[in-house]
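Worksheet: the structure to be examined is printed underneath.
Remember, predicted model here, so these are calculated numbers, not experimental data. Residue numbers start from 1 in every chain, and the chains themselves are labelled A, B, ... in the order their sequence lines are given, proteins ahead of strands.
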2 protein chains.
Amino acid sequence: MGKTQTRIQKKNRETILNAALDVFSQFGFRGSTLDQIAKTAGLSKPNLLYYFPSKEAIHAELLSQLMDTWLDPLHDLDPAGEPKAEILAYMRRKLEMSRNFPRESRLFANEILQGAPQIMAAIKGELKQLTDEKAAVISGWMQDGKIANSHPYHLLFSIWSLTQHYADFDVQVRAVLGDSANDPFPDAEHYLETLFGKLLAT
Amino acid sequence: MGKTQTRIQKKNRETILNAALDVFSQFGFRGSTLDQIAKTAGLSKPNLLYYFPSKEAIHAELLSQLMDTWLDPLHDLDPAGEPKAEILAYMRRKLEMSRNFPRESRLFANEILQGAPQIMAAIKGELKQLTDEKAAVISGWMQDGKIANSHPYHLLFSIWSLTQHYADFDVQVRAVLGDSANDPFPDAEHYLETLFGKLLAT
DNA sequence: CCTGTTTCTGACCAAATGGTTAAATTGCAC
DNA sequence: GTGCAATTTAACCATTTGGTCAGAAACAGG
């Protein structure tokens with residue numbers, strides 16, 4: 001953090017984190033090996049450990065970076081905006097994240113599946129705090145009759161679940177739709193707009 | 001399969017599979033160890049390997065058993081039933097499975113996250129076939145105006161995603177709702193009934 | 001009982017794993 | 001270029017891992 005980095009340090013740390021994201025997102029923390037990450041990064045194993053003190057440190061760094069970008073879309077939900085449009089825009093931003101950052105989504109999914117050993121604090125802290133705040137905003141919109149009544153927390157859960165599904169279960173989605181099928185995201189977006197549009201309609 | 005099993009064999013194979021489900025569902029295949037499974041099962045490692053030829057065989061057996069029970073709820077979707085009620089009942093059956101068999105749901109999620117190396121054949125085979133069949137039924141209902149129009153496949157995906165979310169991301173759901181909160185399933189069921197009820201309403 | 005079969009275990013093995021170290025190589029300011 | 005710090009690697013280590021094997025216990029059926 002505080003220390004200034006040389007060009008080489010910056011480049012190699014990025015290379016390592018990128019390779020680690022590849023590996024951790026597919027096999028989870030315990031299922032991944034340093035050799036695998038080193039090979040993916042095109043570096044030697046001792047060289048990895050020159051830049052990071054341990055396997056766990058690499059994983060922790062990835063998760064810590066992730067939490068920030070993960071919360072961004074929700075952060076942008078504007079209490080002063082038009083309620084239905086705001087929620088639909090949030091859903092679209094989340095879906096866009098699944099499309100553009102599927103590895104990050106899977107890294108997160110792996111961590112949660114394993115009981116969130118590394119990021120439970122952030123879940124109960126930052127994530128819960130932001131969710132509480134935005135659920136309150138949504139609740140206000142419902143009470144004002146701007147959108148139809150439903151459970152604000154489960155509404156947010158459903159946005160997370162549905163959008164991340166297209167990253168985490170991508171393999172299944174494509175297999176069921178048929179290998180020859182096109183990109184599933186446009187249809188997904190249209191479907192989700194319909195789904196949430198009807199839910200929120202007054 | 002064909003061979004008859006002694007009482008001891010049956011009991012121990014069950015014990016092993018149950019312990020393996022605990023471990024595999026939490027850490028994935030590569031993140032799990034035979035020692036861990038043996039310890040959980042209360043058996044020695046060589047004894048595990050007396051009942052199963054390898055770690056992979058245990059995992060394969062679990063996945064194979066899983067596919068059957070996993071498809072059951074969809075199998076029961078009745079083309080002759082009342083469309084909206086049938087789909088909502090299917091959603092409820094899937095949610096019930098997440099509640100009663102969260103380990104199975106996580107085992108499946110882990111497998112898909114890792115690219116479905118073991119069950120890709122079943123995904124492209126049984127699962128796709130059944131999904132195609134039921135999507136066609138739903139499509140028919142839409143064309144007959146029995147339920148509102150939307151994308152049949154993505155409708156099924158959304159049921160899978162939302163219901164399994166309450167098993168796979170249970171830790172996150174409970175953390176965000178607050179540790180003191182009650183069982184999230186009743187609220188989830190009510191929310192999902194509203195969500196799909198409005199989507200399907202004509 | 002006795003005997004053959006099933007079940008179980010301690011000891012072991014080769015390979016893989018996370019990590020260390022000392023020495024070699026490279027980059028760079030002067 | 002020279003000298004020093006930053007970078008890289010070969011060789012190594014202790015532990016863990018999936019799996020084997022020979023024999024010991026437990027369990028039948030007669």
Side-chain angles (χ1 to χ4, degrees), chain A residues 1-64 107 110-111 114 117-118, chain B residues 1-64 107 110-111 114 117-118:
Chain A
M1 285 305 186
K3 294 281 184 60
T4 55
Q5 289 181 26
T6 67
R7 254 171 274 115
I8 294 177
Q9 277 171 352
K10 198 176 175 190
K11 187 194 61 167
N12 280 348
R13 284 181 60 97
E14 265 171 30
T15 304
I16 292 168
L17 288 173
N18 187 55
L21 180 54
D22 261 12
V23 177
F24 282 138
S25 68
Q26 194 177 354
F27 301 108
F29 178 70
R30 290 181 41 166
S32 303
T33 73
L34 282 176
D35 285 303
Q36 222 181 337
I37 298 171
K39 197 179 169 187
T40 305
L43 297 171
S44 69
K45 184 170 61 169
N47 207 6
L48 287 203
L49 294 164
Y50 172 72
Y51 288 102
F52 292 90
S54 69
K55 177 186 171 186
E56 203 174 333
I58 303 177
H59 192 240
E61 173 72 25
L62 279 175
L63 284 179
S64 138
L107 181 74
N110 260 305
E111 173 68 8
Q114 299 184 15
Q118 312 276 336
Chain B
M1 287 302 188
K3 294 280 185 60
T4 54
Q5 289 181 26
T6 68
R7 256 171 273 115
I8 293 177
Q9 277 171 354
K10 197 176 175 190
K11 187 195 61 166
N12 280 348
R13 284 180 59 96
E14 265 171 30
T15 303
I16 292 168
L17 288 172
N18 187 54
L21 181 55
D22 260 13
V23 177
F24 282 138
S25 68
Q26 192 177 355
F27 301 109
F29 178 71
R30 290 181 41 167
S32 303
T33 72
L34 282 177
D35 285 302
Q36 221 180 337
I37 297 171
K39 197 178 170 189
T40 305
L43 297 172
S44 70
K45 185 168 62 168
N47 207 7
L48 286 203
L49 294 164
Y50 171 73
Y51 289 102
F52 292 90
S54 68
K55 177 186 171 185
E56 203 173 333
I58 302 176
H59 192 240
E61 173 71 24
L62 279 175
L63 284 178
S64 139
L107 181 75
N110 260 305
E111 173 68 9
Q114 301 185 12
Q118 311 279 336

*asked:* Taking 4.0 Å as the cut-off, does a side-chain nitrogen or oxygen of B:Ser44 come that near to OP1 or OP2 on C:dT9?
replied: yes
_Is there a side-chain contact between A:Tyr50 and the phosphate of D:dT8, meaning an N or O under 4.0 Å from OP1 or OP2?_
no
*OH on A:Tyr51 to CD on A:Glu14, rounded to 0.5 Å*: 12.0 Å
*Would you mind telling me which of C:dC8, D:dT17, D:dG19 lies closest to the side-chain atoms of B:Asn12?*
C:dC8
*Of the candidate nucleotides C:dG18, D:dT20, C:dT6, which contains the atom at the shortest distance from the side chain of A:Leu34?*
C:dG18
*Looking only at side-chain atoms of A:Asp35, point me to the closest of C:dT7, C:dG19, C:dT17.*
C:dT17
_Atom-pair distance (CG on B:Leu43; P on D:dG19), nearest Å_ = 17 Å
*Assign each of B:Lys11 and B:Arg30 to its nearest nucleotide of DNA chain C by heavy atoms, then name whichever residue's nucleotide is nearer the 5' end.*
B:Lys11
*Rounded to whole angstroms, how far apart are CD1 on B:Ile37 and C1' on D:dG19?*
14 Å
*asked:* If you only use heavy atoms from C-beta on, which nucleotide in D:dG18, D:dT20, D:dT7 is closest to the side chain of A:Ile8?
replied: D:dT7
_Between C1' of D:dA6 and CG of A:Leu49, the distance in whole Å_ = 17 Å
*Please state whether the rings of A:Phe29 and A:His59 are parallel, tilted or perpendicular, taking 30° and 60° as the class boundaries.*
tilted
_Nearest-0.5 Å distance that lies between atom CG in B:Leu62 and atom CG in B:Leu21_ = 5.5 Å
*Write down the distance between CD (B:Gln9) and P (C:dT6), rounded to a whole number of angstrom.*
8 Å
*Rounded to the nearest Å, what distance is computed from the CZ atom of residue B:Arg13 to the P atom of nucleotide C:dT7?*
11 Å
*Determine whether any donor atom in the side chain of A:Lys45 lies under 3.5 Å from an acceptor atom in the base of C:dG18, or the reverse, and answer yes or no.*
yes
*asked:* Working to the nearest 0.5 angstrom, can you tell me the gap between B:Leu48 CG and B:Lys39 NZ?
replied: 14.0 Å
_Quick check for you: to the nearest 0.5 Å, what is the distance between A:Ile37 atom CD1 and A:Leu43 atom CG?_
11.5 Å
_Distance in angstrom units between B:Lys39 NZ and D:dT17 P, rounded_ = 11 Å
*B:Pro46 side chain: which of C:dA11, C:dT20, D:dG18 is closest?*
C:dA11
*Rounded to whole angstroms, how far apart are CG on B:Asn47 and P on D:dC21?*
17 Å
*Between atom CD1 in B:Ile16 and atom P in D:dG19, what is the gap in whole Å?*
14 Å
*Can you find a side chain N or O atom of A:Tyr51 that sits less than 4.0 Å from OP1 or OP2 on D:dT8?*
yes
